[in-house]
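Encoded as structure tokens, the structure appears first; notes follow it.
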Amino acid sequence: MMIASILYSGLTLYMMALLLRWLGPWLELEFRGLLLGRIPAITDPCIQFMRRMLPPMGPLDFAPLAAVMGVFIVRLVLVGV
């Protein structure tokens, strides 16, 4: 039960980091500081994977949103809540 709770929380935090990475340019966030500096390194592998899987959609980048949905599905399958 505790492992499921830790896994659920970790995947939820990862989804939040993906959303923050996606909304960062619109919110004018700088990903260079101590707190936000690690977010691109953590989220970019998943986002790059989604960019390779999705077809080109012009100027719109739905890879971070697809990554959030993918992590949500993984969380749902692994934890079930």
Side-chain angles (χ1 to χ4, degrees):
M1 194 65 157
M2 185 172 172
I3 294 173
S5 177
I6 291 170
L7 186 61
Y8 184 88
S9 297
L11 290 172
T12 301
L13 285 173
Y14 191 69
M15 287 190 303
M16 290 173 145
L18 285 167
L19 286 173
L20 190 62
R21 179 76 168 129
W22 187 44
L23 296 173
W26 291 338
L27 298 174
E28 298 179 7
L29 296 177
E30 293 290 328
F31 291 107
R32 295 185 205 145
L34 181 63
L35 182 62
L36 297 177
R38 299 187 201 292
I39 289 179
I42 294 169
T43 59
D44 279 351
C46 185
I47 292 172
Q48 292 300 326
F49 175 76
M50 287 298 175
R51 282 188 182 132
R52 287 191 305 268
M53 295 293 122
L54 292 174
M57 293 182 223
L60 301 175
D61 184 18
F62 288 109
L65 190 59
V68 168
M69 291 185 342
V71 172
F72 179 79
I73 291 169
V74 167
R75 185 183 75 177
L76 190 63
V77 168
L78 291 178
V79 180
V81 175

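Please read all numbers here as calculations on a predicted model, not as lab measurements.
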**Message:** Just so I know, are the side chains of R21 and I42 near enough to count as touching, which here means a heavy-atom distance under 4.5 Å?
**Reply:** no
**L19 with L29, same ILVMFWY side-chain cluster at under 4.5 Å** = yes
**Message:** With a 4.5 Å cut-off on side-chain heavy atoms, are I47 and P64 touching?
**Reply:** yes
**Asked** What pair of heavy atoms forms the shortest contact from P45 to P40, and how long is it?
**Response** CD-O, 4.4 Å
**Request:** Verify the cluster assignment for M57 and L18: are they in a single hydrophobic cluster under the rule of side-chain heavy atoms below 4.5 Å apart?
**Result:** yes
**Fill in**
Taking every heavy atom of D61 against every heavy atom of R51, the minimum-distance pair comes out as OD2-NH2, 2.6 Å
**Prompt:** Is there a side-chain contact between V74 and F72, using heavy atoms and a 4.5 Å cut-off?
**Reply:** no
**Request:** Kindly compute the distance separating CG (L11) from CG (L78), expressed to the nearest 0.5 Å.
**Result:** 7.0 Å
**Prompt:** Would L23 and F62 show up in the same hydrophobic cluster when neighbours are defined by side-chain heavy atoms closer than 4.5 Å?
**Reply:** yes
**Which atom of L20 lies closest to which atom of F31, heavy atoms considered** = O-CZ, 3.7 Å
**Message:** On a heavy-atom basis, which atom in I39 and which in A17 lie closest, and how many Å separate them?
**Reply:** CG2-O, 3.8 Å
**Prompt:** Same hydrophobic cluster for V77 and I6, using side-chain heavy-atom links shorter than 4.5 Å among ILVMFWY?
**Reply:** no
**Message:** Under the criterion side-chain contact (heavy atoms from CB on, under 4.5 Å), I'd like the reasoning laid out for L36 against E30: C-alpha separation, chi angles, the key distance, then a yes or no.
**Reply:** CA-CA 7 Å; L36 297 177; E30 293 290 328; over 6 Å; no
**Message:** Return the OG1 to CE distance between T43 and M50, rounded to the nearest 0.5 Å.
**Reply:** 12.5 Å
**Request:** Starting at OH of Y8, measure out to CG of L13 and round the result to the nearest 0.5 Å.
**Result:** 11.0 Å
**CE (M16) with more than 12 external heavy atoms under 6.0 Å** = no
**Asked** Are V71 and L7 in one and the same hydrophobic cluster, where Ile, Leu, Val, Met, Phe, Trp and Tyr link if side-chain heavy atoms are under 4.5 Å apart?
**Response** yes
**Request:** Answer yes or no: does atom CG of L35 have more than 12 heavy-atom neighbours from other residues, nucleotides or ligands under 6.0 Å?
**Result:** no
**Message:** Looking at L27, I'd like to know if its CG atom is crowded, meaning that more than 12 non-hydrogen atoms belonging to other residues, nucleotides or ligands lie closer than 6.0 Å.
**Reply:** yes
**L60 side, atom CG; L65 side, atom CG - distance, nearest 0.5 Å** = 11.5 Å
